[in-house]
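Below is one structure, written out as structure tokens; the observations come after it.
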Amino acid sequence: MSTSMSTPGSTPVRVRMAPSPTGSPHVGLARTALYNWAFARHHGGTFVFRIEDTDKARNTEESYDSLIDLMQWLGLSWDEGVVVGGAHGPYRQSERTEIYADVLTRLRESSYTYDCFCTNDEVEARRKASGSKVMGYDGFCRELSDEQRSAFEAEGRSSIVRFRMPDGSITWNDLVRGDITFETEFVPDFALCRANGDPLYTLTAPVDDATMEITHVLRGEDLLSSTPRQVALFDALKELGVAKETPAFGHLPYVMGEGNKKLSKRDPQAHMALYREQGFLPEGLLNYLALLGWAIAADRDVFSLDEMVEKFDIKDVNPNPARFDLKKAEAINASHMRLLSIDEITHRVLPFLKDAGVVGDPVTDPDAQMLELAMPLVAERINKLTEAAPMLGFLFVDEADFERDPADVAKLLDETGRGVVQASYDALSGLHEWSTAAIEEALRVALIEGMELKPRVAFGPVRVAVTGKRISPPLFESLELLGRERSLGRLQSALA
RNA sequence: GCCCCCGUCGUCUAGCGGCCUAGGACGUCGCCCUCUCACGGCGGUAACGCCGGUUCAAAUCCGGUCGGGGGUACCA
């Protein structure tokens, strides 16, 4: 796969993806996973898959399952993490509470944090009174005296632990955006845990990245503004011996929906499950997702995952938000469909044919044989896996259940159409050899020459009579596959 | 409000001071192929947000401005 390993002398690359199991997986998440995966594979590093489930109220097991399922479907393998385990586990934050409790204790014993007794209302009231333009916590409890503490405790107030942001500014060299600087006066002291002691994301993410020895954090742009807090916390964690190094950060652009809005979970287009159901190929979808912020070359946009791994460089990632365009996603997917062999397409289409009831499960031998003959006819005319079933149905259906599209019947099996069908029946019923070439010859003689019809006028009614639809695989081949008996029967029943 | 990020065809992008009368792809329009559909082929359409500055030369560098987005939680 990749030949370029991590830079000589540097520590091996370790990246992670760390979704929260809320709702169904999102395309933005998949794109982030892909970039992390490609980055890891390019550098011969390790890809860690961890779950950030500290928000008990919002997490669901269904969501967790769908995350695993999605990653497996996409084929983005991870080296360490949930399911596969590893040396830095456990990989679900809900199972790491002792780790956070321990770090929190050590942080409290240092001067990096302080206990805060304020309520939101108090903070807000003080902000209004002072006229400060800076929102968020004002540092009121930073220098509490023992007496003040005791007084608050005597009142029965609960407290949380806040991280004390240092003075000055915090700068990091963002992997996709370059130097970014925040003055810490605009980054308020932040909470590390809830009043009940439960750790918050602000604590768990850096602690996990530290203990899992993550070297590069590639995540969504929405987390950019929390980065100065994490950089500051990492300084403390290094001091305490919890972290070795502060990871490099890279903030990936948003994936947008219609308009100027980030693709939200409410938007049906946002959900990865939809694309799987619609018959997208994982490699096609991945290819499209890769394009949302990255290009493999100036004049190319269809490529394999291996090629992406070889060429992927985080420095080439575009910082501006990208809009998800279904049409282009489908076009890219179609290109990947055409890259597949007939056998492979058949294999991928099969589950969809079963779902649609076109073939049974398991597939019978005659059906399997028919499929082998029919797939070459449809393979190159479908752009998604789901498109095969409606095209092939007429070949597999029992004669008793065969139906024609009423609209197509109305349109094409009118007076002239029925005449055409009758002529076709006459021409084909006496045919000695039931082959594509013989069928075509007979029909052309009867309809084009005999009736002096234009081909598109001549074959439309026959198509509807035999396949039930105006749109079908090539007609003469279809007739051959259908067989003499069924073909003639359908021509006849179309006249009834 | 304040802080931060972003700004090339409708969309995704290439572009890192001269190769740019800005390239590719999707879309769209027209034509060709053609038994339908799809594929394929050919051609057209369409962009550097704006204003200053630096420079012999700017889409590329700098400043400002406008516009969009995000953050400002005991969510992640």
Side-chain angles (χ1 to χ4, degrees), chain A residues 18-20 22 52-55 57-58 116 118-120 123 131-137 158-162 174 176-177 180-183 185-188 190-202 204-205 219-228 251 253-254 256 259-262 288 291-302 316 318-332 334-335 337-338 378-383 387 391 408 412 440 443-444 447-448 454-460 462-464 467 469-478:
Chain A
S20 293
T22 61
E52 307 215 329
D53 55 351
T54 54
D55 190 346
R58 298 199 302 157
C116 172
C118 298
T119 66
N120 277 333
V123 175
S132 169
K133 289 176 173 180
V134 181
M135 306 291 274
Y137 191 64
S158 57
S159 66
I160 59 166
V161 179
R162 273 188 200 282
D174 197 275
V176 342
R177 288 153 210 274
I180 297 177
T181 299
F182 280 78
E183 299 300 327
E185 63 177 302
F186 300 115
V187 184
F190 56 98
L192 294 174
C193 66
R194 292 194 167 88
N196 67 8
D198 286 349
L200 255 13
Y201 164 81
T202 50
T204 60
R219 47 156 42 160
E221 181 184 345
D222 50 330
L223 292 167
L224 191 147
S225 53
S226 75
T227 303
H251 291 90
Y254 281 113
M256 317 282 282
N260 282 323
K261 293 190 299 290
K262 178 186 166 190
Y288 176 66
L291 259 16
L292 263 23
W294 181 75
I296 196 166
D299 57 355
R300 234 186 115 204
D301 55 14
V302 175
D316 295 333
N318 225 119
N320 43 316
R323 224 162 299 265
F324 188 94
D325 180 6
L326 221 209
K327 289 261 180 59
K328 179 136 185 180
E330 288 176 336
I332 297 289
S335 299
M337 291 280 288
R338 270 164 246 132
V378 301
E380 75 164 11
R381 35 182 38 91
I382 60 176
N383 292 331
E387 289 164 12
M391 281 194 158
D408 291 346
L412 288 169
E440 174 166 10
L443 288 179
R444 284 193 185 276
L447 308 180
I448 311 299
K454 289 190 169 153
R456 55 184 305 132
V457 178
F459 301 127
V462 184
R463 185 185 306 283
V464 173
T467 71
K469 291 179 179 157
R470 228 175 353 157
I471 297 169
S472 82
L475 183 58
F476 315 119
E477 286 84 346
S478 296

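Below, chains carry the letters A, B, ... as their sequence lines are ordered, and counting in each starts from 1. Treat the numbers as computed from the prediction; the structure is a model and nothing was measured.
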List the residues meeting salt bridge (Lys or Arg N to Asp or Glu O under 4.0 Å) with [X], not counting sequence neighbours, and say none if there are none.
{"X": "Asp301(A)", "value": "Lys328(A)"}
{"X": "Arg300(A)", "value": "Glu307(A)"}
{"X": "Arg219(A)", "value": "none"}

Complement of [N], any strand, by Watson-Crick or G-U distances under 3.5 angstrom:
{"N": "C61(B)", "answer": "G53(B)"}
{"N": "G67(B)", "answer": "C6(B)"}
{"N": "U72(B)", "answer": "G1(B)"}
{"N": "C20(B)", "answer": "none"}
{"N": "U28(B)", "answer": "G44(B)"}

Is it the case that Arg463(A) and Ser472(A) place a side-chain donor and acceptor less than 3.5 Å from each other? yes

[atom1] atoms of [N] and [M], separation to the nearest Å:
{"N": "C62(B)", "M": "U54(B)", "atom1": "C1'", "result": "7 Å"}
{"N": "U13(B)", "M": "U8(B)", "atom1": "C1'", "result": "9 Å"}
{"N": "G70(B)", "M": "A58(B)", "atom1": "P", "result": "36 Å"}
{"N": "A57(B)", "M": "U21(B)", "atom1": "P", "result": "16 Å"}
{"N": "G17(B)", "M": "G53(B)", "atom1": "C1'", "result": "15 Å"}
{"N": "G69(B)", "M": "G64(B)", "atom1": "P", "result": "22 Å"}
{"N": "G49(B)", "M": "G7(B)", "atom1": "C1'", "result": "7 Å"}
{"N": "A22(B)", "M": "G27(B)", "atom1": "P", "result": "23 Å"}

Nearest heavy atoms of [X] and [Y], plus distance in Å:
{"X": "Ile160(A)", "Y": "Ala191(A)", "value": "CD1-CB, 3.6 Å"}
{"X": "Asp325(A)", "Y": "Tyr288(A)", "value": "N-OH, 2.7 Å"}
{"X": "Gly136(A)", "Y": "Val123(A)", "value": "O-CG1, 3.8 Å"}

For Asp55(A) and Thr22(A): C-alpha separation, side-chain torsions, deciding distance, then whether side-chain contact (heavy atoms from CB on, under 4.5 Å) applies. CA-CA 9 Å; Asp55(A) 190 346; Thr22(A) 61; over 6 Å; no

Does Asp408(A) reach the main-chain N or O of Arg470(A) with its side chain, forming a donor-acceptor pair under 3.5 Å? yes

Full working for side-chain contact (heavy atoms from CB on, under 4.5 Å) between Ile448(A) and Phe459(A): CA-CA 9 Å; Ile448(A) 311 299; Phe459(A) 301 127; 4.0 Å; yes

So Glu330(A) and Asn383(A), side-chain contact (heavy atoms from CB on, under 4.5 Å) or not? Walk me through it. CA-CA 7 Å; Glu330(A) 288 176 336; Asn383(A) 292 331; 5.8 Å; no

Along nucleotides 4-15 of chain B, 5' to 3', which nucleotides get a B, which get an S, and which get a -, given that the test is a protein heavy-atom distance under 4.0 Å? SSSSS--SBSS-

Pairs: protein N or O with nucleotides 34-39 of chain B N or O, under 3.5 Å:
| from | atom 1 | to | atom 2 | distance (Å) |
| --- | --- | --- | --- | --- |
| C35(B) | OP1 | Arg444(A) | NH2 | 2.9 |
| C35(B) | O2' | Arg463(A) | NH2 | 3.2 |
| C35(B) | O2 | Arg463(A) | NH2 | 2.3 |
| C35(B) | N3 | Leu475(A) | N | 3.3 |
| U36(B) | OP1 | Arg456(A) | NH1 | 3.2 |
| U36(B) | O2' | Arg470(A) | O | 3.1 |
| U36(B) | N1 | Arg463(A) | NH2 | 3.4 |
| U36(B) | O2 | Ser472(A) | N | 2.8 |
| U36(B) | O2 | Ser472(A) | O | 3.0 |
| U36(B) | N3 | Arg463(A) | NH1 | 3.4 |
| U36(B) | N3 | Ser472(A) | O | 2.7 |
| U36(B) | O4 | Arg381(A) | NH2 | 3.4 |
| U36(B) | O4 | Pro474(A) | N | 3.4 |
| C37(B) | O2 | Arg381(A) | NE | 2.9 |
| C37(B) | N3 | Arg381(A) | NE | 3.1 |
| C37(B) | N3 | Arg381(A) | NH2 | 2.6 |
| C37(B) | N4 | Arg381(A) | NH2 | 2.8 |
| A38(B) | O2' | Arg381(A) | O | 3.3 |

In sequence, state the C-alpha distance, the side-chain angles, and the governing distance for Leu200(A) and Arg194(A), and then conclude on side-chain contact (heavy atoms from CB on, under 4.5 Å). CA-CA 7 Å; Leu200(A) 255 13; Arg194(A) 292 194 167 88; 3.6 Å; yes

Measure all distances between protein nitrogen or oxygen atoms and nitrogen or oxygen atoms of nucleotides 74-76 of chain B, and list the pairs falling under 3.5 Å.
| from | atom 1 | to | atom 2 | distance (Å) |
| --- | --- | --- | --- | --- |
| C74(B) | O2 | Ala195(A) | N | 2.9 |
| C75(B) | OP2 | Arg194(A) | NE | 3.1 |
| C75(B) | OP2 | Arg194(A) | NH2 | 3.0 |
| C75(B) | O2' | Asp55(A) | OD2 | 2.7 |
| C75(B) | O2' | Arg58(A) | NH2 | 3.0 |
| A76(B) | OP1 | Thr54(A) | OG1 | 2.5 |
| A76(B) | OP2 | Tyr201(A) | N | 3.0 |
| A76(B) | O3' | Ser20(A) | OG | 2.6 |
| A76(B) | O3' | Glu52(A) | OE1 | 3.4 |
| A76(B) | O2' | Ser20(A) | OG | 3.3 |
| A76(B) | N6 | Arg229(A) | NH2 | 3.3 |

